[in-house]
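Values in this document were obtained by computation on a predicted structure and should not be read as measured data.
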Amino acid sequence: MSARLPGGWWTALLAGVSAVLAAFLLLTDGVTPQARTVGVITLAAHLLVWVVLGRHTLRPVRRPHRAAGVGGAARTDGRTDEADHGAGPLAVLYLAALLATLLVLCAVHPTTALLQAFAYPYAWSWSRRLEQVVAANVGIAVAVAAGFLVNLGTGSDGWLAAIGSAGISLAFSFSMGAWITSIVRAAEKEGRLQAQLDAAQLELAAAHREAGIAAERERFSRELHDTLTQTLTVVVMLTERAGTESATDPRAAARTIALAEGTARQALTETRTLVAGGRGPGVGGEGIVPRIDRLCARFTAETDTPVGTRFVGPAETLTRDEEVVLLRCAQEALANVRKHARASRVDLALTVGPAESTLMVTDDGVGFDPTADRTGARGYGLPGMTTRLALAGGSLGVDSAPAEGTRLTVRLPRHAAPAEGTGRSTAGAVPAAEGARA
């Protein structure tokens, strides 16, 4: 916001005071014609000097404005760009003219000391340096006192009137000026505190925004890994197997290629879903049991490894979010078996209870040491499952040892209780299906 000089108000104040004093000098009987002429001319000359020079010496006034702070943060200044500068040469020159005017007018008649009503406020407005403001106030008091002594003489009455009038006016100016200055400083301090608060809020908003971006990037990476990446990995494995089979069993190779084609189409569908909604495909309206059945059947077709499944409890009471978490964990568990276990059999059991759902995936593969340092391991795998479950309030248990297979236990708390009055128990509500899916 650009600076604006409030010269109009000051000019109106000075013109009003000057008009009152000129009328007094013209109408009073206690002033000689020569002194009357000197007083009126002095008032007019001072008003002209003010218009030409004085009004341009006022300190610019701004409303608190927004300015760039550290790191681009906005702050409230509450001060002008000249806030730390003192009065310039023009201000000093005008102050000298003002003091001379006061001296002449008070020498003409003591009542003209009314011009102090303009002079003292100006003394508090021409500079921000306290020493200059004090000097201006003292100068005004000295000019008024000197004028009184010229008019009243240097006798005791003259000294009493000069000291009394100038001293009272100076004391009043200092008290009012100190009070107003304290208000201004309090406002400036409040402005600085508000600036710090604004900057802190902007930094906090930026931090939240960055955290949100990072969280969304991590979520999107998990979705890619749990859907498209795993599916494309299967396509690569199937095409490699088809290449090997083509030399010895063309029919088996054709079946494998058809399976790879179907898997690739699934990857295309998952990609479209991910791009359109920002999330991987969910369970859909069919429920989690048929989806896991199909997942296991596809795993068996892709790896020739049988998967036994068992479902206990009212799986239809799971919320969509719970279904997605459990399905993603099942996908990741089977993907780990495919990539690492070299298992001959896998068993998957889903138990849905009133307070917790449990997914257990067991294989008879090569196993591993869960306590080994896996800092350099690539991919998401178990850390990704752990993160996903932690976001949902669940946990992942790993029970494995070299050459003894692996058991992954997913525990997910229920966030929505089963509907009352269904007449279903937590066991046997969904028929248990056991056995290998060929």
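Heavy atoms from other residues, nucleotides or ligands lying under 6.0 Å from CD of Glu190 number 12 at most.
Nearest approach of Asn137 to Ala123, heavy atoms of both residues: ND2-CB, 3.7 Å. The heavy-atom pair separating Val49 from Ala97 by the smallest distance is CG1-CB, 4.2 Å. Pairing each heavy atom of Ala343 with each of Asp364, the nearest pair is CB-OD1, 3.3 Å. Closest of all the heavy-atom pairs between Pro306 and Asp304 is CD-O, 3.7 Å. Considering every non-hydrogen atom in both Ala145 and Ala166, the closest pair reads CB-CB, 4.0 Å. Closest of all the heavy-atom pairs between Leu43 and Ser18 is CD1-O, 3.7 Å.
Between the Thr57 side chain and the Ala91 main chain, no donor and acceptor come within less than 3.5 Å of each other.
The side chain to side chain donor-acceptor pair (under 3.5 Å) check on Ser165 picks up nothing, with sequence neighbours excluded. Evaluation of the ring pair (Phe, Tyr, Trp, His ring centres under 6.0 Å) rule for Tyr94 yields His46, Trp50, Tyr122 as partners, not counting sequence neighbours.
The shortest distance between side-chain heavy atoms of Thr409 and Leu396 does not fall below 4.5 Å. Contact check for Leu389 versus Cys329: side-chain heavy atoms found under the 4.5 Å cut-off. Side chains of Val134 and Val138 form a contact here, defined as non-hydrogen atoms less than 4.5 Å apart. A 4.5 Å side-chain heavy-atom check between Val312 and Leu350 finds every atom pair outside the cut-off. Counting only heavy atoms from C-beta outward, the side chains of His208 and Leu204 approach each other to under 4.5 Å. No side-chain heavy atom of Val366 sits less than 4.5 Å from a side-chain heavy atom of Pro402. At least one side-chain heavy atom of Phe299 sits less than 4.5 Å from a side-chain heavy atom of Arg338. Residues Tyr120 and Leu115 are not in side-chain contact: their nearest non-hydrogen atoms beyond the backbone lie 4.5 Å or more apart.
Between atom OG1 of residue Thr11 and atom CZ of residue Phe118 there is a gap of 7.5 Å, rounded to the nearest 0.5 Å. Taking CG of Asn336 as the start and CG of Asp363 as the end, the distance is 9.5 Å to the nearest 0.5 Å. In this structure, Glu323 CD and Leu318 CG are separated by 5.5 Å, a value rounded to the nearest 0.5 Å. Note that the OG atom of Ser395 and the CG atom of Leu412 stand 9.0 Å from one another [nearest 0.5 Å]. Between Leu359 atom CG and Leu408 atom CG the span is 8.5 Å, to the nearest 0.5 Å. Here CG of Leu114 is found 10.0 Å from SG of Cys106. Values are rounded to the nearest 0.5 Å.
Between the side chains of Thr371 and Asp369, a donor-acceptor pair is found at a separation under 3.5 Å. Counting only N and O atoms by type, the side chains of Trp124 and Ser173 include a donor and acceptor under 3.5 Å apart.
Arg414 and Glu322 are joined by a salt bridge, as a carboxylate oxygen and a charged side-chain nitrogen come within less than 4.0 angstrom of each other. Looking at Asp347 and Arg345, a side-chain N of the basic residue comes within less than 4.0 Å of a carboxylate O on the acidic one, giving a salt bridge. No salt bridge links Glu332 with Arg328; every basic N to acidic carboxylate O contact stays at or beyond 4.0 Å.
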